[in-house]
Number of protein chains: 2
Amino acid sequence: MTRGLTARQAQVLEFIQDFTHGNGYPPTVREVAANFGFRSPRAAHDHMKALEKKGYMRSRAGRPRALEILQSRRGIPLLGKIAAGKPILAVEDAEEVLGLEPNFFGQGRFFALRVRGDSMIEDHIAEGDLVILKAQADARSGEVAAVLLGDEVTLKRVVPGKKGVELKASNPAVKDILVSPSDDPPRVLGVMVGLVRKN
Amino acid sequence: MTRGLTARQAQVLEFIQDFTHGNGYPPTVREVAANFGFRSPRAAHDHMKALEKKGYMRSRAGRPRALEILQSRRGIPLLGKIAAGKPILAVEDAEEVLGLEPNFFGQGRFFALRVRGDSMIEDHIAEGDLVILKAQADARSGEVAAVLLGDEVTLKRVVPGKKGVELKASNPAVKDILVSPSDDPPRVLGVMVGLVRKN
DNA sequence: CCTCCGACTAGACCTGCGTATAGTAAAAGT
DNA sequence: ACTTTTACTATACGCAGGTCTAGTCGGAGG
């Protein structure tokens with residue numbers, strides 16, 4: 001769960017985020033209460049105060065609907081160095097957050113990596129490009145994915161075969177990597193769903 | 001100016017957009033009034049009603065701060081067919097609006113075009129990619145630009161020379177175009193500042 | 001066992017804010 | 001010349017909605 005939130009508080013936060021995104025403005029205390037079936041606005045108000053104390057939102061006292069969600073969890077974090085073994089996809093660790101609207105690349109959790117080198121050049125993925133990846137632990141055959149190999153992240157085309165998983169570059173000058181079943185299996189961090197290039 | 005809006009209405013709309021973007025929630029009628037120095041909330045309310053009637057925003061009667069900006073004018077319009085000769089960069093003509101935050105690609109007015117064909121493939125601009133262009137009427141030598149030739153828009157590298165302006169593709173299979181000074185000069189619509197690829 | 005905390009109900013206070021009524025004044029159509 | 005539109009001021013009504021006081025109930029911790 002999100003850091004230090006009770007299940008109920010996380011639900012409330014999520015509702016507020018969805019409502020705000022869907023309507024263009026945040027809900028009132030009573031609208032939150034109604035959504036959860038609370039008979040008293042006090043219940044919703046308490047949760048919202050808790051969320052505020054924990055730094056998830058800010059509000060202006062006495063002003064209806066005047067609440068802002070902080071730590072938006074929206075937008076796509078551009079991750080710099082990914083530490084080995086750790087499942088670090090939190091926005092807090094982002095070098096930068098790309099200001100794309102949620103669902104720009106579909107549904108799910110996304111992150112971005114800056115391409116170093118030209119190993120995927122024949123797929124027209126050039127050095128400096130930002131590759132957008134959907135966070136998931138497995139890739140279908142032939143998909144381009146960010147793979148954790150030892151303590152380095154590389155972008156490769158993943159092709160499982162009889163002799164193990166093959167990690168193919170799309171540059172003839174770069175040789176493919178074969179991870180045999182006896183080795184540590186390659187860990188897929190996410191599959192490529194898009195690309196952003198800023199000149 | 002934006003379609004059918006008076007100068008004042010456009011100012012009000014812009015303020016509401018900025019306020020909403022900056023605070024995470026829309027302003028009240030009185031906050032709009034205060035921003036413009038109106039002594040009566042009525043003045044702001046009238047403008048907001050006018051904006052609503054013209055389809056720029058929607059609001060829920062009686063509910064404080066419950067207004068949603070439609071036709072956001074934020075984001076980058078993806079233009080489909082660009083009619084010949086007309087300076088059409090308005091959001092209204094957009095096939096789709098890319099949900100990027102303003103200034104994602106810097107300051108200025110931007111639009112997007114979907115790449116057809118692979119004439120720029122060696123610059124790793126592939127078919128189906130969305131090229132982001134900054135709207136301006138001139139390109140420096142060597143820049144990739146959207147150029148209006150006759151009544152078609154093409155993406156080419158612009159290189160002015162003695163014999164006229166050369167429009168170079170980055171695909172050896174596609175021959176360059178030379179626009180000699182006696183011809184109609186090519187009209188630059190914008191220069192490329194980025195690229196977005198959605199798989 | 002007792003106390004704390006989370007998650008609520010019930011009811012009420014009071015003010016912020018949308019909205020209405022009634023104007024004024026200048027610019028722009030027609 | 002007249003109506004219409006734009007752009008406001010002044011004042012007020014009434015209710016939506018933030019917030020308060022005063023509780024209940026169950027589960028976790030010491």
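Below, read A as the first sequence line, B as the second, and so on, with proteins coming before strands; counting in each chain starts at 1.
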Exercise for the section: Could you label the plane-to-plane angle of the A/F110 and A/F105 rings as parallel, tilted or perpendicular, counting under 30° as parallel and over 60° as perpendicular? Expected result: tilted
Fill in the blank from the handout: B/F38 atom CZ is separated from D/dT6 atom C1', nearest whole Å, by 11 Å
Practice task
Look at all strands and tell whether A/S40 reaches a base, only sugar-phosphate, or nothing, counting heavy atoms closer than 4.0 Å.
Solution key: base
Practice task
Could you say whether B/D46 or B/R65 is positioned toward the 5' end of DNA chain C, judged by the nucleotide with the nearest heavy atom to each?
Solution key: B/R65
Exercise for the section: Please work out if B/R39 contacts a base, only the sugar-phosphate, or nothing of the nucleic acid, heavy-atom cut-off 4.0 Å. Expected result: sugar-phosphate
Problem - N or O in side chain of A/H45 less than 4.0 angstrom from D/dG18 OP1/OP2 - result: no
Practice task
With heavy atoms under 4.0 Å as the rule, sort A/A61 into base, sugar-phosphate or nothing.
Solution key: sugar-phosphate
Handout entry: Between D/dC25 (P) and A/R42 (CZ): distance, integer Å
Key = 18 Å
Handout entry: Audit row: A/L178, A/D176, side-chain contact (heavy atoms from CB on, under 4.5 Å) steps and yes/no
Key = CA-CA 7 Å; A/L178 180 70; A/D176 300 339; over 6 Å; no
Exercise for the section: Examine distances only and state if a side-chain atom of B/R65 and a backbone atom of A/Y25 form a donor-acceptor pair shorter than 3.5 Å. Expected result: no
Fill in the blank from the handout: The first and last nucleotides of DNA chain C lying within contact of chain B, meaning any atom under 4.0 Å from one of its heavy atoms, run from C/dC17 to C/dT21
Practice task
Name the orientation class of the two ring planes belonging to B/F15 and B/F36 (parallel below 30°, tilted from 30 to 60°, perpendicular beyond 60°).
Solution key: perpendicular
Practice task
Name the nucleic acid region contacted by B/R63, choosing base, sugar-phosphate or nothing; use a 4.0 angstrom heavy-atom cut-off, strictly under.
Solution key: sugar-phosphate
Practice task
Kindly say if A/K49 contacts the phosphate of D/dC20, meaning a side-chain N or O under 4.0 Å from OP1 or OP2.
Solution key: yes
Handout entry: Working for salt bridge (Lys or Arg N to Asp or Glu O under 4.0 Å), residues A/E31 and B/R60
Key = CA-CA 14 Å; A/E31 279 165 351; B/R60 272 165 65 197; 3.0 Å; yes
Exercise for the section: Please report, rounded to the nearest Å, how far the C1' atom of D/dA7 is from the CD atom of B/Q9. Expected result: 10 Å
Practice task
Start with the C-alpha gap between A/Q11 and A/H47, add the side-chain angles, then the distance that decides, and say whether side-chain contact (heavy atoms from CB on, under 4.5 Å) holds.
Solution key: CA-CA 10 Å; A/Q11 282 172 34; A/H47 286 132; over 6 Å; no
Exercise for the section: Write down the distance between CZ (A/R60) and C1' (D/dT19), rounded to a whole number of angstrom. Expected result: 16 Å
Problem - Electrostatic pair A/D129-B/R197, nearest N-O below 4.0 angstrom - result: no
Practice task
Give one of base, sugar-phosphate or nothing for B/R8, where a contact means two heavy atoms less than 4.0 Å apart.
Solution key: sugar-phosphate
